[in-house]
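Below, chain A is the first sequence line, B the second, and so on; all start at residue 1.
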Amino acid sequence: MRLVPACKNLQIFKFLPSVQAHCSFFSAVTNTLQVPVDGFENENKKIDFDLLFPSCTTVHLAKCLHSLLVVSGRVKNIFLSAKLVNLYAYLDDVSFSRRTFDQIPKKDIYTWNSMVSAYVRSGRFQQAIECFYHFLLTSDLRPDFYTFPPVLKACGNLVDGKKIHCWVQKLGFESDVFVAASLIHMYSRFGLLVIARKLFNEMPIRDTGSWNAMISGFCQNGNAAEALDVMNEMRLDGVKMDPVTVSSLLTVCAQSNDMLSGMLIHLYVIKHGLEFDVFVCNALINMYAKFCIVDHARKVFDQMKIRDVVSWNSIIAAYEQNDEPITAFEFYKKMQQNGIQSDSLTLLSLASIIAQLTDDQKSRSVHGFILRRGWLMQDVATGNAVVDMYAKLGSIDSARTVFEGLPVKDVISWNTLITGYAQNGLASEAVEVYDMMKERTDIIPNQGTWVSVLPAYSHLGALQQGMRIHGRVMKNCLYMDVFVGTCLIDMYGKCGRLDDAMLLFYKVPRKSSVPWNAIISCHGIHGHGDKALELFKNMLVEEVKPDHVTFVSLLSACSHSGLVGEGQRYFDAMQKEYGIKPSLKHYGCMVDLFGRAGHLEMAYNFIKNMPVQPDASIWGALLGACRIHGNVELCKFASDSLFEVETENVGYYVLLSNIYANFGKWEGVDKVRSLARDKGLRKTPGWSSIEANNKVDVFYTGNQSHPNCEEIYTELRFLTAKMKSLGYIPDYSFVLQDVEEDEKEHILTSHSERLAIAFGIISTPPKTPIRIFKNLRVCGDCHNATKYISKITEREIIVRDANRFHHFKDGICSCGDYW
DNA sequence: GTAGGGTTAG
């Protein structure tokens with residue numbers, strides 16, 4: 001080939017590959033277009049370059065064509081060079097468009113238009129606008145009809161385009177259908193729908209594109225009703241909907257949960273033969289996925305003749321978001337088998353699938369894949385998905401590391417990390433991250449932030465901080481958001497303010513089960529079983545459909561209040577009247593309900609008749625009941641069964657060792673403890689916290705390092721003496737160490753809950769309520785002592801432990817010693 | 001020779 005040496009000196013050939021590449025290009029184009037290679041060698045006279053452009057389907061081929069133009073000198077032809085600008089843009093290589101553009105010495109309007117639209121097509125809106133202004137400043141040419149649509153599109157993504165609109169008016173292009181559609185679309189993107197509608201109404205001639213611009217304007221603002229109105233006007237006008245109309249409308253139907261309209265449009269699609277358009281099918285898949293009708297989504301997907309990456313992403317996301325991670329993963333594998341390259345959205349779904357499948361090993365591969373593609377650095381959404389994946393898998397440290405490495409962190413990155421800590425039981429870390437976001441960034445918290453940080457405050461019992469958020473939320477009316485509202489209800493309920501929780505409950509929208517579940521559960525943990533049942537009945541009156549969570553809240557409320565008969569009835573009703581299949585959580589509540597009430601045999605028989613395999617939580621509930629009611633035989637059986645299915649949860653070892661200690665079987669205690677030690681399990685240390693003077697203080701058992709330590713122990717000595725004079729006898733069965741009597745009394749008085757109460761007494765005004773939180777269950781002797789303390793100090797003492805609330809007042813506890 | 005209106009996201 002003589003061509004190659006001739007090309008060597010030319011700048012453009014830096015990009016050109018080997019001799020073989022030239023050969024393959026030549027054979028490709030000459031075969032297709034029947035251009036003899038001789039023709040090129042005879043001064044190119046026989047080659048029609050215009051015909052070569054459509055053959056260039058890759059950047060590589062485009063570069064080869066470019067080289068041909070350079071070598072043959074035809075690059076000087078202004079038409080052909082401008083076509084190259086467009087070609088590179090279509091092949092998604094805008095930097096080559098620009099290089100080619102720069103090499104054109106005398107640019108005409110077509111050249112400029114091509115460059116601007118090349119930028120727009122590749123999403124570089126800022127550069128498109130800059131190029132347009134550069135054109136206005138440096139060229140004598142006037143913009144034409146073709147100039148404005150891309151420029152207006154760029155404006156819709158960046159700045160107010162009113163200035164550009166003035167230009168359009170000055171030049172008299174407003175009546176052009178293409179320009180008008182662009183204006184309508186641009187104003188819609190700014191939410192200026194009135195202006196958009198006015199322009200639309202004033203159009204003398206409307207084509208389908210004009211209608212589509214108006215409809216998509218409403219759709220992109222989530223204005224479903226108006227979009228459907230325009231659709232009806234359009235049809236009355238006798239204009240047929242095309243695939244563009246339909247795909248916009250399907251999306252807005254999905255967003256607004258309008259299943260009826262969505263299905264009617266689907267019928268239209270079938271009747272008018274639009275079901276082979278890829279955009280339409282993709283929109284249908286997404287719509288059915290949002291409606292949770294995955295089968296319909298699947299049917300649409302199956303009958304598609306051509307599928308693109310969006311089709312695959314949509315069907316994968318459909319299964320992923322409807323809790324079918326296994327099927328979703330199968331589709332991902334099929335996508336690969338079909339040779340479709342994943343994009344960042346594929347990986348977004350994949351990360352969530354892996355989290356749902358709890359597949360630690362695959363999580364590393366997903367992370368690696370994303371890292372290699374550079375998406376972690378370019379695309380914050382992908383980064384957030386990785387953080388979320390690790391957090392959901394419990395690898396919160398990996399989540400943190402990925403988070404730290406993100407070059408740009410948006411509000412969702414922060415929310416994801418906060419939620420990650422909160423859901424892994426690390427509430428104070430969650431709060432720390434929230435504080436860090438507040439102090440070190442300008443990021444404005446949103447609904448998601450409140451939903452992530454409020455549960456952390458609930459967990460810590462940080463009422464003051466929670467209330468501060470309530471204040472902020474009030475300002476922008478976000479408390480009307482059902483999720484934020486529910487988190488606040490939960491926070492007040494879990495911080496002991498049941499009245500405030502109720503007040504709020506009546507303010508938030510309660511059409512869905514979400515706030516009902518929260519308020520029922522709050523009454524349950526406060527031991528107000530009757531009120532929980534009443535709320536459930538109100539829920540039915542207001543025609544809110546209970547879900548599986550409602551019944552968990554309801555059954556556990558029955559269990560806390562000893563409402564055995566009611567619990568049984570609702571367990572039955574749940575299956576028969578509401579068609580909800582009980583999950584292990586429901587079975588656990590029932591075992592707890594029977595066990596706590598002392599019906600150990602019933603609890604055991606219930607487990608035997610369960611249609612599913614009992615897990616550790618079920619045996620744990622039975623073991624807990626055995627502890628309260630002291631059944632040694634069943635205890636042995638329950639613990640054996642428990643450790644067959646679960647050996648990692650330290651709580652169960654502690655429970656069993658406590659039972660042995662209760663019976664004074666110290667060998668048993670030692671055995672269980674060494675068993676746990678061998679497994680490398682360490683007991684969760686018990687702590688209690690109290691929020692006083694805008695600050696949360698945390699006490700561990702036997703704490704000596706608190707600044708008010710001396711005063712606290714003095715107060716406790718004083719209280720113990722007073723309690724004894726009123727008839728208090730320490731119950732040493734709650735001392736879980738084999739030590740002397742003196743030592744036992746000291747151990748009881750230095751339990752974390754007592755330190756916190758004593759601190760509350762000395763640091764808050766007399767007779768004000770004291771609110772305490774304990775991470776484990778409150779000790780029985782402390783429970784008894786707190787009754788006396790409430791009488792002596794004339795204070796209401798509210799203790800929330802891992803299980804429920806205890807309200808102490810005038811020497812009695814709201815739980816009636818039943819917990 | 002060029003242009004508008006469309007599908008997937010935490």
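Listed by chain and number, the residues in a salt bridge (Lys or Arg N to Asp or Glu O under 4.0 Å) with Lys409(A) amount to none (sequence neighbours excluded). Partners of Asn322(A) by side-chain hydrogen bond (donor to acceptor under 3.5 Å, both in side chains), not counting sequence neighbours: none found. With sequence neighbours left out, the side-chain hydrogen bond (donor to acceptor under 3.5 Å, both in side chains) criterion links Arg400(A) to Glu404(A), Tyr421(A). Taking the side-chain hydrogen bond (donor to acceptor under 3.5 Å, both in side chains) definition, one finds that Tyr288(A) meets it with His266(A), sequence neighbours left out. Here Arg98(A) pairs with Asp102(A) under the salt bridge (Lys or Arg N to Asp or Glu O under 4.0 Å) rule; sequence neighbours left out.
Between the CD1 atom of Ile215(A) and the C1' atom of dT7(B) there is a distance of 16 Å, given to the nearest Å. Protein atom CG of Asp277(A) is 14 Å distant from nucleotide atom P of dT8(B), rounded to whole Å. Atom-to-atom, CG of Leu87(A) to P of dT2(B) comes out at 13 Å; the value is rounded to the nearest Å. The separation between Leu350(A) atom CG and dT8(B) atom P is 20 Å, rounded to whole Å. Here dG4(B) presents its P atom at 11 Å from CG of Asn113(A), a figure rounded to the nearest Å. Following rounding to the nearest Å, Lys153(A) (NZ) and dT2(B) (C1') show an atom-to-atom distance of 14 Å. In this structure, the CG atom of Asp379(A) is 12 Å from the P atom of dG10(B), given to the nearest Å. Note: CG (Asn384(A)) to P (dG10(B)) measures 11 Å, nearest angstrom.
For the pair Lys299(A) and Asp295(A), the salt-bridge criterion is not met [side-chain N within less than 4.0 Å of a carboxylate O].
Across all strands shown, Phe145(A) has heavy atoms under 4.0 Å from base atoms, whether or not it also approaches the sugar-phosphate. Across all strands, Ala317(A) comes closer than 4.0 Å to no nucleic acid atom at all (heavy-atom distances). Residue Lys290(A) is classed as a sugar-phosphate contact, given heavy-atom separations below 4.0 Å to backbone atoms only. Asn286(A) comes within 4.0 angstrom of the backbone, heavy atoms only, and of no base. Contacts of Asn446(A) with the nucleic acid, taken as non-hydrogen atoms under 4.0 Å apart, are absent. Residue Ser114(A) is out of contact with every strand shown, counting any heavy-atom pair closer than 4.0 Å. Across all strands, Thr416(A) comes closer than 4.0 Å to no nucleic acid atom at all (heavy-atom distances). Nucleic acid contact for Phe173(A): none, since no nucleic acid atom lies under 4.0 Å from a heavy atom of the residue. Gln220(A) comes within 4.0 angstrom of the backbone, heavy atoms only, and of no base.
Classification of the Trp450(A)-Tyr434(A) ring pair by plane angle, with boundaries at 30° and 60°, yields perpendicular. Taking the six-membered ring for Trp and thresholds of 30 and 60 degrees, Phe101(A) and Trp112(A) have ring planes more than 60 degrees apart, a perpendicular arrangement.
In the set dA9(B), dT7(B), dG5(B), the nucleotide with an atom closest to the side chain of Ser216(A) is dG5(B). Between dT7(B), dG4(B), dT2(B), one nucleotide has an atom nearer to the side chain of Phe178(A) than all others, and that is dG4(B). Counting only heavy atoms from C-beta on, Leu348(A) has its side chain closest to dA9(B) among dA9(B), dG6(B), dG4(B). Checking dT8(B), dG10(B), dG4(B) against the side-chain heavy atoms of Asp410(A) singles out dG10(B) as nearest. With dT7(B), dG10(B), dG4(B) as the choices, the nucleotide that has an atom nearest any side-chain atom of Val177(A) turns out to be dG4(B).
Donor-acceptor pairing under 3.5 Å, judged by distance alone, is absent between the side chain of Asp176(A) and the base of dG4(B). For dG4(B), the base has no donor-acceptor partner in the side chain of Ser182(A) [N/O atoms by modelled type, under 3.5 angstrom]. At a cut-off of 3.5 angstrom, counting only N and O atoms as typed in the model, there is no donor on one side facing an acceptor on the other between the side-chain of Asn282(A) and the base of dG6(B).
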Please output the side-chain donor-acceptor pairs of residues 331-341 of chain A that fall under 3.5 Å, not counting sequence neighbours, one pair per line with the distance.
| from | atom 1 | to | atom 2 | distance (Å) |
| --- | --- | --- | --- | --- |
| Tyr332(A) | OH | Gln336(A) | NE2 | 3.1 |
| Asn338(A) | ND2 | Lys334(A) | O | 2.8 |

Please list, one pair per line, the donor and acceptor atoms closer than 3.5 Å that link side chains of residues 223-240 of chain A to other protein atoms, with sequence neighbours excluded.
| from | atom 1 | to | atom 2 | distance (Å) |
| --- | --- | --- | --- | --- |
| Asn232(A) | ND2 | Leu228(A) | O | 3.4 |
| Glu233(A) | OE1 | Arg197(A) | NH2 | 3.0 |
| Glu233(A) | OE2 | Arg197(A) | NH2 | 3.2 |

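Side-chain N/O atoms of His185(A) include none lying less than 4.0 angstrom from OP1 or OP2 on dG4(B). Taking only side-chain nitrogens and oxygens, Gln321(A) comes nearer than 4.0 Å to OP1 or OP2 of dG10(B).
In the region residues 300-311 of chain A, proximity to DNA chain B at under 4.0 angstrom, judged on heavy atoms, holds for Val310(A). At a non-hydrogen distance threshold of 4.0 Å, Asp207(A), Thr208(A), Gly209(A), Ser210(A), Asn212(A) from residues 197-213 of chain A come into contact with DNA chain B.
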*Decide yes or no on ring pair (Phe, Tyr, Trp, His ring centres under 6.0 Å) for Tyr187(A) and His165(A), but give the supporting numbers first.*
CA-CA 10 Å; Tyr187(A) 281 115; His165(A) 189 178; 5.5 Å; yes
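With centres under 5.5 Å and a plane angle under 30° as the test, the ring of Tyr146(A) is not stacked against the base of dA3(B).
Figure legend: Lys362(A) and Phe329(A) shown as a cation-pi pair, the cationic atom lying under 6.0 angstrom from the six-membered ring centre and within 45 degrees of its axis.
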